[in-house]
Student: 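Right, I'll just put the structure down here and ask away after.
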Protein chains: 4
Amino acid sequence: MMLSSAPRGRPRDNRAHQAILTAATELVTELGYAATSIGAVAARAGVGKDTIYRRWSGKAELVYEAVFTETEATPAPDTGTLAGDLTALLEALIQEFTAPAAAAALPGLLADFAANPGLRARIRSEFLAPAKSGLVTVFERAVQRGETDPNVPVDLVLDTLAGAVFFHVGLVGEQPGPQLAAQLAAVAGRGIETR
Amino acid sequence: MMLSSAPRGRPRDNRAHQAILTAATELVTELGYAATSIGAVAARAGVGKDTIYRRWSGKAELVYEAVFTETEATPAPDTGTLAGDLTALLEALIQEFTAPAAAAALPGLLADFAANPGLRARIRSEFLAPAKSGLVTVFERAVQRGETDPNVPVDLVLDTLAGAVFFHVGLVGEQPGPQLAAQLAAVAGRGIETR
Amino acid sequence: MMLSSAPRGRPRDNRAHQAILTAATELVTELGYAATSIGAVAARAGVGKDTIYRRWSGKAELVYEAVFTETEATPAPDTGTLAGDLTALLEALIQEFTAPAAAAALPGLLADFAANPGLRARIRSEFLAPAKSGLVTVFERAVQRGETDPNVPVDLVLDTLAGAVFFHVGLVGEQPGPQLAAQLAAVAGRGIETR
Amino acid sequence: MMLSSAPRGRPRDNRAHQAILTAATELVTELGYAATSIGAVAARAGVGKDTIYRRWSGKAELVYEAVFTETEATPAPDTGTLAGDLTALLEALIQEFTAPAAAAALPGLLADFAANPGLRARIRSEFLAPAKSGLVTVFERAVQRGETDPNVPVDLVLDTLAGAVFFHVGLVGEQPGPQLAAQLAAVAGRGIETR
DNA sequence: AAGTAAGCGAGACGGTACGTCATGTCTTAAT
DNA sequence: ATTAAGACATGACGTACCGTCTCGCTTACTT
């Protein structure tokens, strides 16, 4: 009984993998998401189109991996207050959404994810996974400090924070100033504080 | 006093105009934004493609007009409290974003608008125009009642409300329950109240 | 009994007629037959498209009239010999087929005429009408002089002369030298002489 | 010694090639040259349009290859007399120009070739290539027999023969009778005999 | 003088074809 | 089995012309 089949034939080339991701990031940054085609990515990476389709099911999944997999596991902020923690989380979110490749990719990428039932579920579970775990931790501490109610709907808060940042800087295209995180924390944060 | 030069040539056919908008709405609802093509809209409307391109510059502008120009001039809500007014505004926003054609069109449509510098400016000025005028009025009343600070950044609040609704129901695809508006008003509204 | 109904309504404008023919000739000369469109002719003539369609059924008929209606009724040549007369006829034919507008129009124009059963019959009766009447006269004189046989198939000779000129200068694009008419008269003419 | 680089990528499918040529021949025969579109050829051949454009630059080149590349290398006729040889050559030419697909294609096809400088040069070198080599041989034999002058302009004779046949049966649409070749040989052939 | 009818320039109309591009699959030889 | 290359069927793109139509206007002839 074999649990894992022995790998047969030529193994996949990891250099190709990396070249594809780099090419995808570059093209999305230069041309935008809509104008980036699989064929162009393949050409720039010096790779056949099949080599891409063998690894990703389409443009959305490829660009997602290329642009959003600098998954630095940021530890949850711990400034001592809910407002401070939220500001820190928002700063990270703003930074993530305004990085050149991400800003260029996000609207089209989210649209493609939203249009595909299989991908739609992954928006919250993957795009927002790091933010969510941080938010949960921040809330636990705030509950312990008595700053907020244990029944706060975390997912809704998360969608609100992400939606506000995405709409403000991703869609409307507003340049984020230095106080943006604090302002958003004030708008969206105090609502969940226990008075 | 003549402000407009005399129209020359055969005037545009309003029946064609309407047939195109209807066909576009139907196709977006049935197939989704990405799968809706100008050619298919023309075919269903019984119209040549030129007749569409003569009036709209592309799919984004056409679908925008088809789906978001039942501009019912809703008067600003006046429930007596900021929280109540915001809830009413959010209910209208949720209803607008979850209507079948709008829900099918929004992610792709906003992506196309965001990708085009000329259209991007119109996201806030047209998609959110009715909501914004309502919000401004609601704030003026809240300021007079002493509920909030006159310096609240209205555009940022608007982006937060719209972003939250769009992300929560448009992208993530969450079905809006009856308390959603109130919950969002609580999350995003109390932050701007004067303590 | 009225043979001709009195003309009612506004009479046709002769200046428009002439402007259309001029524009058609210019465009055919500048762009070639295939690239000349009815719309472009109308625009250059400062005329509506209907004003053209009211007078001609299509591009072929319009260009035919524009380019081949300098019907100078050349008298049949009379040099005293069949060879001389044929040379003179061929010179006229060569001149007609190599005039700038005619050279640009002929291949496409004849193709359109040949493709349309209604127009096809007019190729010999209109394009070659002047040449044919000249040829008949030349033959009658040659028969009287005993140079040729009365049973010569005139139409076939005419098609041969026209075909030779059209193929040589119209299609192949050979520049006609000064002896071309004489050479063709020698090739195609001596065959019909009585030895 | 390698003259050709190794072919890379998927090789072209010969069945597609053949299906395209067959479809083109059929459509030209059924609808005529002008009404035959590349899209219709692709549809009937069960092929994408690109597969056609990858091989031919346009309708003219495609139809030329479809209709005129049953290059049966007919040996030059050798009947013993110039008149007999010319009659045989003309019979072949008549047969070629009156074959259903050829008759339907020729006027429009030659017009397209004549309108394009790049293609124009190929009219004599490709359409008439077989006839020309035959004609040259026939002439050499006739010169040896003393029937004709070595200085006869062969190209001009060829254009005359082809032009006569094309104009008579291709454009004017005359049905060729059994003596047509002999009559044309008499008209165009005796002129080049040495008296 | 008023009415009627056709011509006129402009340009919108429903169609059809164009030639290009992107998609995702397939087929080759070479690794 | 994977690779780079590139052919393949499909179908959308935005443009151009076709020949017809619908406007407001003009120009004649008919009452």
Side-chain angles (χ1 to χ4, degrees), chain A residues 5-13 15-16 34-43 45-55 57-59, chain B residues 6-17 34-43 45-55 57-59, chain C residues 6-13 15-17 34-40 42-43 45-55 57-59, chain D residues 6-17 34-40 42-43 45-55 57-59:
Chain A
S5 62
R8 310 232 292 152
R10 173 175 179 174
R12 292 196 179 169
D13 184 343
R15 300 196 317 274
T36 296
S37 70
I38 299 271
V41 172
V47 138
K49 282 198 290 176
D50 271 10
T51 301
I52 296 183
Y53 282 109
R54 210 173 287 121
R55 298 166 177 2
S57 73
K59 184 164 71 165
Chain B
R8 308 238 283 157
R10 175 177 176 171
R12 294 196 178 166
D13 185 342
N14 238 316
R15 299 195 318 274
H17 200 92
T36 295
S37 70
I38 299 267
V41 172
V47 138
K49 282 199 289 176
D50 266 9
T51 301
I52 295 184
Y53 283 110
R54 208 174 286 123
R55 294 158 203 261
S57 74
K59 184 163 70 164
Chain C
R8 311 235 294 155
R10 175 176 177 173
R12 293 192 178 169
D13 184 342
R15 301 196 317 274
H17 200 93
T36 296
S37 71
I38 299 271
V47 138
K49 284 200 289 176
D50 270 10
T51 302
I52 295 183
Y53 283 110
R54 209 173 286 124
R55 295 155 203 263
S57 73
K59 183 164 73 163
Chain D
R8 307 238 286 156
R10 174 176 177 173
R12 296 199 176 162
D13 185 341
N14 237 317
R15 299 197 317 275
H17 200 93
T36 296
S37 71
I38 301 268
V47 138
K49 283 198 289 177
D50 268 7
T51 302
I52 295 183
Y53 283 109
R54 206 174 287 124
R55 295 158 203 262
S57 73
K59 185 163 73 164

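In the text below, chain A, chain B and the rest are named by the order of the sequence lines, each starting its count at 1. Every heavy atom of this structure was used, including side-chain atoms; hydrogens, water molecules and symmetry mates were not.
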Student: Is there a donor and acceptor pair, one atom on the side chain of C:Arg10 and one on the base of E:dC8, closer than 3.5 Å?
Tutor: no

Student: How many Å lie between CD1 on C:Ile52 and C1' on E:dG7, as a whole number?
Tutor: 14 Å

Student: Which nucleotide, E:dG19, E:dC13, E:dG7, lies nearest any side-chain atom of C:Arg12?
Tutor: E:dG7

Student: Measure across D:Ile38 and D:Gly58 and return the closest heavy-atom pair with its distance rounded to 0.1 Å.
Tutor: CD1-C, 4.1 Å

Student: Which nucleotide wins on minimum distance to the side chain of B:Arg55, given the candidates E:dC13, E:dG9, F:dA4?
Tutor: E:dC13

Student: Need one value for D:Gly46: base, sugar-phosphate or nothing, where a base atom within 4.0 Å counts as base even if backbone is also close, heavy atoms only.
Tutor: sugar-phosphate

Student: Let me know, please, whether B:Ile38 or D:Asn14 comes out on the 5' side of the other along DNA chain F by nearest nucleotide.
Tutor: D:Asn14

Student: Taking all non-hydrogen atoms of both residues into account, name the closest pair between C:Ala16 and C:Val47 and its distance.
Tutor: CB-CG2, 4.0 Å

Student: Does A:Lys59 or B:Gly9 map to a spot on DNA chain E nearer the 5' end, using the closest nucleotide for each?
Tutor: B:Gly9

Student: Report the nucleotide, chosen from E:dG14, F:dC8, F:dT3, that has the shortest atom-to-atom distance to any side-chain atom of D:Arg54.
Tutor: F:dC8

Student: Between B:Tyr53 (OH) and F:dA16 (C1'), how many Å, whole number?
Tutor: 13 Å

Student: Quick check on E:dG14: is either OP1 or OP2 less than 4.0 Å from any side-chain nitrogen or oxygen of B:Thr51?
Tutor: yes

Student: Between the base of F:dC21 and the side chain of C:Asp50, is one N or O donor paired with an acceptor at under 3.5 angstrom?
Tutor: yes

Student: Could you please name the option among F:dG19, E:dC8, E:dT25 that lies closest to any side-chain atom of C:Lys49?
Tutor: F:dG19

Student: How many whole angstroms separate atom CZ of C:Arg15 from atom C1' of E:dC8?
Tutor: 11 Å

Student: Quick one: on DNA chain F, does C:Ala35 or B:Ser57 contact a more 5' nucleotide (nearest heavy atom)?
Tutor: B:Ser57

Student: So which one's nearest nucleotide on DNA chain E is more toward 5', C:Arg8 or A:Gly39?
Tutor: C:Arg8

Student: Between C:Lys59 (side chain) and C:Thr36 (backbone), is there a donor-acceptor pair under 3.5 Å?
Tutor: yes

Student: If the condition is side chain to side chain donor-acceptor pair (under 3.5 Å), which residues does D:Arg15 pass it with, not counting sequence neighbours?
Tutor: none

Student: Which atoms form the tightest heavy-atom contact between B:Gly39 and B:Lys49, and what is the distance?
Tutor: CA-CD, 4.0 Å

